[in-house]
Amino acid sequence: MSNAELINKFYTSFQKKDYAGMQECYADQAVFNDEAFKNLNSAEVKAMWEMLCKTGKELTLTFGNISESATGGSAEWTASYLFSRTGKTVVNNVHAQFKIENGRIILHTDHFDFYIWAKQAFGIAGLLIGWTPYFRNKVQSTARESLNQFMLKNSSKS
């Protein structure tokens with residue numbers, strides 16, 4: 001499978017909320033980063049996608065502009081969903097970069113405008129303080145705690 005085909009499989013799985021299909025795309029030593037989740041290891045990133053697929057309310061996804069190189073690739077994707085903490089609609093435009101080895105993602109970094117996201121997700125609070133490092137750190141710690149709780153809950157089901 002080419003790098004572009006792997007990226008296409010990843011986002012096609014995401015569109016279907018098929019987290020198992022997404023998880024198959026990652027190597028055992030994968031690392032993930034975005035504006036909310038920092039330095040997730042392979043188990044954490046796989047759990048993150050499962051959590052987002054299972055809890056994403058009214059989640060729709062489009063993707064395109066997939067490009068590939070010998071060592072990875074990139075894509076553009078847009079997610080539209082209800083942000084669970086506030087019930088507000090978010091449309092998040094994301095640029096994804098991938099490093100791929102042996103047909104699996106080893107490094108996945110998503111970039112999006114945090115301030116634009118914060119204004120949509122938190123309304124007036126995001127507008128007023130969404131640009132501050134304090135607010136970004138609070139979102140990151142809350143996201144990490146949500147992921148930890150999701151992983152703990154799901155590990156007890158095993």
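Here, residue 1 is the first one in the sequence, and each next residue gets the next number.
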Just checking E58: does its CD atom have more than 12 heavy atoms from other residues, nucleotides or ligands closer to it than 6.0 angstrom? no

Side-chain heavy atoms under 4.5 angstrom apart, residues restricted to Ile, Leu, Val, Met, Phe, Trp, Tyr: same cluster for M48 and Y26? yes

Non-neighbouring partners of E68 that pass salt bridge (Lys or Arg N to Asp or Glu O under 4.0 Å), sequence neighbours left out: none

Do W117 and E35 have side chains that get closer than 4.5 Å, going by heavy atoms? no

Min side-chain heavy-atom separation I105-V45 under 4.5 Å: no

Centroid-centroid distance, F37 to W49, less than 6.0 Å: no

So F122 and F135, ring-ring contact (aromatic ring centres under 6.0 Å, His included) or not? Walk me through it. CA-CA 11 Å; F122 290 94; F135 191 84; 5.1 Å; yes

So if you build clusters from Ile, Leu, Val, Met, Phe, Trp, Tyr with side-chain heavy-atom gaps below 4.5 Å, do L82 and I124 land together? no

Do I7 and I100 come within less than 4.5 Å of each other through their side chains, counting heavy atoms only? yes

Indicate whether any N or O donor in one side chain lies under 3.5 Å from an N or O acceptor in the other, for R104 and S42. no

Are the side chains of L61 and K17 in contact, using a 4.5 Å heavy-atom criterion? no

Kindly write out the residues that satisfy side chain to side chain contact (heavy atoms under 4.5 Å, CB included) with T109, not counting sequence neighbours, or none if the list is empty. N33, L107, H111

The criterion is salt bridge (Lys or Arg N to Asp or Glu O under 4.0 Å); which residues satisfy it with K9, sequence neighbours excluded? E24

Cluster overlap I129 with V139, hydrophobic side-chain contacts below 4.5 Å: yes

Atom pairs and distances, donor-acceptor, side-chain atoms in residues 71-79, under 3.5 Å, two or more places apart:
from : atom 1 : to  : atom 2 : distance (Å)
S74  : OG     : S67 : OG     : 2.7
E76  : OE2    : H95 : ND1    : 2.5
W77  : NE1    : Y11 : OH     : 3.1
T78  : OG1    : N93 : OD1    : 2.7

Is there a side-chain contact between L6 and F98 (heavy atoms, below 4.5 Å)? no

Not counting sequence neighbours, which residues clear side chain to side chain contact (heavy atoms under 4.5 Å, CB included) with T12? List them please. N8, K16, F63

Has the side chain of Q120 got a donor or acceptor atom that lies under 3.5 Å from a matching backbone atom of N92? no

For T55, check side chain to side chain contact (heavy atoms under 4.5 Å, CB included) against everything at least two apart and list the hits. M51

Side-chain (Q149) to main-chain (S146) donor-acceptor, under 3.5 angstrom: no

